[in-house]
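Heads up, the thing below is written out as structure tokens.
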Amino acid sequence: MKISAISIFPEYFQPLQLSLIGKAQEKSLVEFNVKDLRDFTHDTHRTVDDTPYGGGAGMVMKPEPWGEALDQTLTDGCDLIVLTPAGKRFNQRLAEKFSQSPHLVFACGRYEGIDARVTEYYRSQPRYRVHEISIGDYVLNGGEVAALAIIESVVRLIPGVIGNPESLVEESHAQDGVVEYPTYTKPAEWRGLKVPDVLSSGNHGAIATWRAEAAQLRSQHAERD
Ligand code: JET
């Protein structure tokens, strides 16, 4: 899979060289291509923003640098992902869908957002799929951190990236693709707190029942939506 990102802070993507994702790149399972939006400006100040039509606070990202950057980055059949708090909420189902794509392109906006004609224009091009995506109901200074979260969740689903694919199988059987029961390791007692006896019983049926009940209790306590 190819993953491109366009940002005025390409250094944000440095952590992709670390750990499992760095290894995936070394194994050529994924190829990253990060571009600086300012490289697609033509004025001496490398301007990427301007004042909003209609007035109001803050600055809006100009469409021309985005158009040039995207024209030089998008490929036929790719998925363009625009990070925005107004987008569709990202979840494991979308991570699985994006993991099937040949090429993901992340557009990381800043300030008060990107001129709305940019997504409008690329949506009108049938060779691309455009997704406006939010990672949650809060405001970030830019899309970079949201893109990193999505990239991590997608890349770990690419076959060969995770050493033990059993853990992916276990997750996909669980609700929303997440192991929701509490987990324990040694020691059997820590600060007066004991590991539930059933987990050392060797009775796999009883363990499965206990985990299902514990997951149920946990989901009642977790705040959802
Ligand atoms: C975000 C994503 O804050 C989030 O996304 C980054 C961001 C910040 C500021 C402006 C912006 O503009 C995007 C745009 O797209 C058309 O205009 C994006 C919060 N949850 N998920």
Side-chain angles (χ1 to χ4, degrees), residues 1 3 5 12-32 79 81 83-85 87-102 104 106 131-140 143-225:
M1 174 191 282
I3 298 180
Y12 257 102
F13 294 89
Q14 213 51 56
L16 294 174
Q17 306 308 315
L18 301 174
S19 187
L20 229 55
I21 302 198
K23 296 260 164 42
Q25 200 176 3
E26 285 168 25
K27 289 192 265 182
S28 295
L29 295 170
V30 63
E31 181 195 332
F32 293 113
D79 288 274
I81 301 175
L83 291 317
T84 163
K88 180 189 163 94
R89 176 72 64 87
F90 186 65
N91 59 24
Q92 190 67 22
R93 209 166 46 76
L94 276 171
E96 279 165 21
K97 188 172 111 174
F98 290 154
S99 76
Q100 308 292 310
S101 175
L104 299 177
F106 290 88
H131 314 266
E132 289 188 273
I133 300 290
S134 161
I135 62 163
D137 290 340
Y138 40 81
V139 179
L140 301 167
E144 290 80 5
V145 166
L148 284 171
I150 294 175
I151 291 167
E152 182 159 317
S153 71
V154 167
V155 170
R156 64 191 292 286
L157 297 176
I158 297 171
V161 170
I162 296 226
N164 177 10
E166 285 284 288
S167 53
L168 290 178
V169 173
E170 189 158 314
E171 279 172 1
S172 67
H173 285 306
Q175 190 71 34
D176 271 307
V178 182
V179 171
E180 301 217 324
Y181 52 78
T183 56
Y184 303 88
T185 185
K186 291 169 280 299
E189 184 176 342
W190 176 77
R191 298 192 178 179
L193 302 173
K194 292 185 171 66
V195 174
D197 282 333
V198 63
L199 299 179
S200 314
S201 69
N203 182 338
H204 299 294
I207 291 170
T209 302
W210 182 88
R211 283 178 169 170
E213 287 169 0
Q216 187 64 36
L217 270 176
R218 216 180 215 200
S219 65
Q220 282 168 26
H221 290 284
E223 204 188 317
R224 294 275 150 80
D225 289 83

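Reckoned from all heavy atoms, side chains included, excluding hydrogens, waters and symmetry mates.
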Please identify each residue that fulfils side-chain contact (heavy atoms from CB on, under 4.5 Å) with Q17, with sequence neighbours left out. Q14, Q25

[X] and [Y]: which non-hydrogen atoms are nearest, and at how many Å?
X    : Y    : value
S99  : V154 : CA-CG1, 3.7 Å
R89  : L94  : O-CD1, 3.6 Å
D79  : S101 : OD2-OG, 2.7 Å
I81  : L104 : CD1-CD2, 4.1 Å
K27  : G160 : NZ-O, 3.0 Å
R218 : E180 : CD-O, 3.0 Å

So, taking the atom named CG in L148 and the one named CZ in F106, what distance separates them when rounded to the nearest 0.5 Å? 9.0 Å

Calculate, to the nearest 0.5 Å, the distance between atoms CG and CD1 belonging to L29 and I158 respectively. 7.0 Å

Do V161 and V30 touch side chain to side chain, with heavy atoms closer than 4.5 Å? no

Does a side-chain heavy-atom distance below 4.5 Å link L157 with Q92? yes

side-chain contact (heavy atoms from CB on, under 4.5 Å) evaluation trace for I150 with L83: CA-CA 10 Å; I150 294 175; L83 291 317; 3.6 Å; yes

For residues 146-165, which residue pairs qualify under side chain to side chain donor-acceptor pair (under 3.5 Å), counting only residues two or more places apart or in two chains? R156-E171

Heavy atoms from other residues, nucleotides or ligands near CD of E166 exceed 12 (cutoff 6.0 Å): no

Going by the angle between their ring planes, with limits at 30° and 60°, are Y184 and W210 parallel, tilted or perpendicular? tilted

